[in-house]
Novice: 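I have a structure I would like to understand better, so I am pasting it below and will then ask my questions one at a time.
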Amino acid sequence: MVVTFDEIKHNQTIRCYIDEADRALKALGFTEHSYAHVTKAATTAEKILTELGYSEREAELAKIAGYMHDIGNVVNRIDHAQSGAVMAFRLLDKIGMDPNEIALVISAIGNHDESTAAPVNAVAAALILADKTDVRRSRVRNRNHTAFDIHDRVNYAVEESKTYFNSDRTAFVLELTIDTSMCPVMDYFEIFLGRMSLCRRAAEFLKIRFELIINGQRIL
């Protein structure tokens, strides 16, 4: 059975888990992980595989993985990628998705957290790039600047964030404009070095480069 992204997006059980996972993270003080984040991850993952010439279905599976990738946070932030993969297996199996496609989606979800992540297939690589490059001011929930921790400060300092392919599609680029009075570039690296290294590995799996540009200067 071909399960479409539209079916996943409107599945009320999946939406419930997205809502409750984000509510749990909010209670723990994490940045936004609700529909803005998962939708952005989904559309970016789909775009990456589409622009690299993968099949329409592979791109749609990346979109599905992007939309569902954080549901494991409803269980616990620790090992949420693995929890989310198990939850996604049960949900997709119940809907009737083909086992080969379930395998791609759950391996991508189970390999997206930087502590255990690996670009084990193209869907996983696209999800890693899409998830880890979603850095933006609007993800910060805390509006009390004096109470910012380093994660809040780094995200809030991002005045503009863009992802795109270079002209010949040999590199996927994250371009940031950062208010350095709020967050020095070194603070960004302190928080996100692991994520950026993972993005580089994911890009290499897709036989492209990952580039990071901050305030007009290429860093990676």
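Just so it is clear, the model here is predicted, and its values are computed rather than measured.
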Novice: Look at Arg57 together with Glu60 and state whether they make a salt bridge at an N to O cut-off of under 4.0 Å.
Specialist: yes
Novice: Count the heavy atoms of every other residue, nucleotide or ligand shown that sit under 6.0 Å from CZ of Arg90, and state whether that count exceeds 12.
Specialist: no
Novice: Salt bridge check: are Glu32 and Arg136 linked by an N-O gap of less than 4.0 Å?
Specialist: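 So Glu32 pairs with Arg136 through a salt bridge.
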Novice: Whether the Glu46 and Thr43 side chains hold a donor-acceptor pair (N or O, under 3.5 Å, no angle test) is what I'd like checked.
Specialist: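 No, no side-chain donor-acceptor contact under 3.5 Å.
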Novice: When you look at Arg201 and Glu204, which way does the salt bridge (charged side-chain N to carboxylate O under 4.0 Å, His left out) test go after all the steps?
Specialist: CA-CA 5 Å; Arg201 289 168 54 203; Glu204 289 172 352; over 6 Å; no
Novice: State, without any angle test, whether Asp6 and Thr4 hold a side-chain donor-acceptor pair at a distance under 3.5 Å.
Specialist: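 Side-chain D/A pair, Asp6 to Thr4: absent.
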Novice: If you compare all heavy atoms of Glu51 against all heavy atoms of Arg169, which two are closest, and at what distance to 0.1 Å?
Specialist: O-CD, 3.1 Å
Novice: Pairing donors with acceptors under 3.5 angstrom, does anything connect the side chains of Thr116 and Gln82?
Specialist: yes
Novice: Among Asp70, Ile71, Leu25, find the one that has a side chain to side chain contact (heavy atoms under 4.5 Å, CB included) with His80.
Specialist: Asp70
Novice: Which atoms form the tightest heavy-atom contact between Gly84 and Ile109, and what is the distance?
Specialist: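 Heavy-atom minimum between the residues: C-CG2, 3.7 Å.
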Novice: Could I get the full list of salt bridge (charged side-chain N to carboxylate O under 4.0 Å, His left out) partners for Glu114, not counting sequence neighbours?
Specialist: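 With sequence neighbours excluded, Glu114 shows a salt bridge (charged side-chain N to carboxylate O under 4.0 Å, His left out) to Lys132, Arg195, given in chain and number order.
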Novice: To the nearest 0.5 Å, what is the distance between CD1 (Ile191) and CE (Met186)?
Specialist: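 If we round to the nearest 0.5 Å, Ile191:CD1 and Met186:CE are 11.5 Å apart.
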Novice: Are His151 and Phe30 near enough that their ring centres are under 6.0 Å apart?
Specialist: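 Distance test on ring centres: not under 6.0 Å, no.
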Novice: Between His37 and Asp131, is there a side-chain donor-acceptor contact under 3.5 Å, judged purely by atom types and distance?
Specialist: yes
Novice: Under a 3.5 Å threshold, yes or no: a donor from one side chain and an acceptor from the other, between Asp22 and Tyr35?
Specialist: no
Novice: Do Arg139 and Asp152 sit within salt-bridge range, that is, some charged N less than 4.0 Å from a carboxylate O?
Specialist: no
